[in-house]
Amino acid sequence: ATTAQLLARKPNDPQRIYAYAQSVFYVATIANERGDVARAEAGLRQYDELARRLVRINPNNAKWRAEVEYASSNLGTLLFKERKFREASDIFRKGVAEASAQAHRFPDDTSKKADLATLHAWLADAEEALGHFGEAYQQRMKQLAIDQHLLNVDPDNRDFLYDLATCHRALIHLAIARGDLGDAEARSKSVIKVSNELVKQDPTNTTWREINAAGWVNLGEVLYARNEFPAAENAADKSARLARELLVKDSTV
């Protein structure tokens, strides 16, 4: 209410627009956490419009352009969870365009590239939900290229390794949907390889062990689809053993 009154007194002041936009965003976030999806969506749409208004006032302001990127990401994610996949895809595509411009403008900022990779991932999920497997695959491949670049810059970054593994997992399902079992098998082995490295770095981290178990599940699925039943059974047994070990650590999960 306070930031709204301040903005009403100076409706074209970018600092006041920005302050009000932050208020709108956090109120929407709280509404979403409370399960009030309608209020959350209305708020995020308003936040998106306020961010774009800032860019119209000053297109060269990097901070304002970053707000557009954040708005697209948050609104698109909510729309995706509401199963509004077509609109979510359109929003994510706008976010990709903005994030790509930001990444090119600040080539040494790895966080900008990481944000772009995340938006490619969300766009891929929206396109997959629409049944556009080819487009989803292309978006995931763009994410993969960025993730690989980030790892080349910082090989020991576990967040980048995690992102790479999850990207390969998404590509496995898309490869199966496209009938490319060879690609799916290779990516399953990549997930296992990357997650083995993560587990080696931190054996106590259950997330890394869970990804490792999931990699063996994926490999088993592919081998089963190829009628390689003994090998598929071996992969399933491996995954089950890893899952049992995780359940011993925490049976509530």
Side-chain angles (χ1 to χ4, degrees), residues 41 44-45 48 51-52 65-107 109-154 157 159-191 193-195 211 214-215 217-219 221-222:
E41 182 181 331
L44 289 177
R45 288 184 185 279
D48 182 67
R52 294 180 189 282
R65 300 203 74 94
E67 286 298 305
V68 171
E69 180 189 327
Y70 302 150
S72 296
S73 179
N74 283 281
L75 177 57
T77 301
L78 183 66
L79 292 170
F80 182 89
K81 290 176 180 176
E82 290 184 85
R83 303 185 65 80
K84 298 178 180 179
F85 301 127
R86 179 70 274 160
E87 191 174 3
S89 176
D90 292 341
I91 292 291
F92 286 136
R93 205 170 290 279
K94 291 177 183 177
V96 164
E98 190 59 55
S100 180
Q102 290 289 311
H104 281 94
R105 187 174 180 182
F106 303 99
D109 189 337
T110 56
S111 68
K112 300 292 185 186
K113 289 183 172 61
D115 289 343
L116 176 57
T118 299
L119 279 161
H120 278 303
W122 275 110
L123 178 55
D125 284 347
E127 288 297 311
E128 182 180 356
L130 290 166
H132 304 156
F133 299 122
E135 175 62 17
Y137 192 85
Q138 291 302 314
Q139 291 299 324
R140 282 289 180 180
M141 289 301 292
K142 290 177 181 179
Q143 178 200 355
L144 184 68
I146 297 170
D147 288 340
Q148 192 60 66
H149 169 77
L150 291 171
L151 264 177
N152 291 339
V153 173
D154 188 359
N157 189 305
D159 289 336
F160 296 161
L161 276 169
Y162 174 78
D163 289 344
L164 183 69
T166 55
C167 183
H168 275 304
R169 287 206 69 212
L171 282 163
I172 291 165
H173 296 294
L174 290 168
I176 292 172
R178 295 164 69 244
D180 192 343
L181 295 179
D183 185 35
E185 181 178 1
R187 295 192 185 283
S188 298
K189 291 178 178 177
S190 292
V191 171
K193 181 179 178 181
V194 171
S195 57
I211 295 171
V217 169
N218 293 139
L219 181 59
E221 289 171 338
V222 174

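Bear in mind the structure is a predicted one, so any value in this text is a computation, not a measurement.
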S.K.: Do the side chain of Ser73 and the main chain of Glu69 share a donor and acceptor less than 3.5 angstrom apart?
M.R.: no
S.K.: Tell me if the CZ atom of Phe85 is crowded by more than 12 foreign heavy atoms within 6.0 Å.
M.R.: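 Atom CZ in Phe85 is packed in, count exceeds 12.
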S.K.: Side-chain contact, heavy-atom cut-off 4.5 Å: Glu221 with Val217?
M.R.: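 Sidechains of Val217 and Glu221: in contact.
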S.K.: Could you tell me if the side chain of Lys84 sits less than 4.5 Å from the side chain of Leu78, heavy atoms only?
M.R.: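 When only atoms from C-beta onward are counted, Lys84 and Leu78 do not touch, as no gap falls below 4.5 Å.
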S.K.: Flag the pair Lys94 / Asp48 as yes when at least one side-chain heavy-atom distance between them is below 4.5 Å, and no otherwise.
M.R.: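 They are not in side-chain contact.
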S.K.: Do Gln139 and Glu135 have side-chain N/O donor and acceptor atoms under 3.5 Å apart?
M.R.: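 The answer is yes; a qualifying pair exists.
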S.K.: Can you name the nearest heavy-atom pair linking Arg52 to Ser72, along with the distance?
M.R.: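 For Arg52 versus Ser72, the nearest heavy atoms are NH2-OG, 3.3 Å.
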S.K.: Scan side-chain atoms only and decide if Ser89 and Arg86 contain a donor-acceptor pair under the 3.5 Å cut-off.
M.R.: yes
S.K.: Hey, are Lys113 and Asp147 close enough for a salt bridge, meaning a charged N less than 4.0 Å from a carboxylate O?
M.R.: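 Asp147 and Lys113: not salt-bridged.
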S.K.: Work out which heavy atom in Leu79 is nearest to a heavy atom in Ala88; give both atom names and the distance.
M.R.: CB-CB, 3.9 Å
S.K.: How long is the straight-line distance from CD1 of Ile211 back to CG of Asn218, given to the nearest 0.5 Å?
M.R.: 11.5 Å
S.K.: So how far is it from Arg187 CZ to Leu144 CG, rounded to the nearest 0.5 Å?
M.R.: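 Answer for the CZ-CG pair, Arg187 versus Leu144, is 6.0 Å.
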S.K.: Could you give me the CA-CA distance, side-chain angles and deciding distance for Thr110 and Asp154, then say whether side-chain contact (heavy atoms from CB on, under 4.5 Å) is met?
M.R.: CA-CA 9 Å; Thr110 56; Asp154 188 359; over 6 Å; no
S.K.: Taking the side chain as C-beta and beyond, is there a heavy-atom pair between Glu185 and Leu181 under 4.5 Å?
M.R.: no
S.K.: Does any non-hydrogen side-chain atom of Glu87 lie less than 4.5 Å from one of Glu82?
M.R.: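 Answer no - side chains too far apart.
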S.K.: For the atom pair CG (Asp90) and CG (Leu75), what is the distance rounded to the nearest 0.5 Å?
M.R.: 11.0 Å
S.K.: Please enumerate all residues that pass ring pair (Phe, Tyr, Trp, His ring centres under 6.0 Å) together with Tyr70, with sequence neighbours excluded.
M.R.: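 With neighbours one apart ignored, the set is empty.
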S.K.: Does this structure show an ion pair linking Arg93 with Glu127, if we count only N-O contacts that are shorter than 4.0 Å?
M.R.: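 So Arg93 pairs with Glu127 through a salt bridge.
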S.K.: Can you see which heavy atom on Ala136 is nearest to which on Ala124, and at what distance?
M.R.: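 Closest pair (atom of Ala136, atom of Ala124, distance): CB-O, 3.3 Å.
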S.K.: Please enumerate all residues that pass salt bridge (Lys or Arg N to Asp or Glu O under 4.0 Å) together with Asp109, with sequence neighbours excluded.
M.R.: none
S.K.: Could you measure the distance from the CG atom of Leu171 to the CZ atom of Arg178? Nearest 0.5 Å is fine.
M.R.: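 With rounding to 0.5 Å, CG (Leu171) is 9.0 Å from CZ (Arg178).
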S.K.: How about Leu150 and Asn157: do any of their side-chain heavy atoms sit closer than 4.5 Å?
M.R.: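 They are not in side-chain contact.
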S.K.: Is there side-chain contact between Thr118 and Trp122, with heavy atoms separated by less than 4.5 Å?
M.R.: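 Contact flag for Thr118/Trp122 side chains = yes.
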S.K.: Quick one: do the Tyr137 and Asp183 side chains pair a donor with an acceptor below 3.5 Å?
M.R.: yes
S.K.: Do Val153 and His149 come within less than 4.5 Å of each other through their side chains, counting heavy atoms only?
M.R.: yes
S.K.: With a cut-off of 3.5 Å and sequence neighbours excluded, list every side-chain donor-acceptor pair involving residues 95-106.
M.R.:
{"unit_1": "Glu98", "atom_1": "OE1", "unit_2": "Arg65", "atom_2": "NH2", "d": "3.0"}
{"unit_1": "Glu98", "atom_1": "OE2", "unit_2": "Arg65", "atom_2": "NE", "d": "2.7"}
{"unit_1": "His104", "atom_1": "ND1", "unit_2": "Ser100", "atom_2": "O", "d": "2.8"}
{"unit_1": "Arg105", "atom_1": "NH1", "unit_2": "Asn60", "atom_2": "O", "d": "3.3"}
{"unit_1": "Arg105", "atom_1": "NH2", "unit_2": "Asn60", "atom_2": "O", "d": "2.9"}

S.K.: Kindly compute the distance separating CG (Leu151) from CG (Leu161), expressed to the nearest 0.5 Å.
M.R.: 4.5 Å
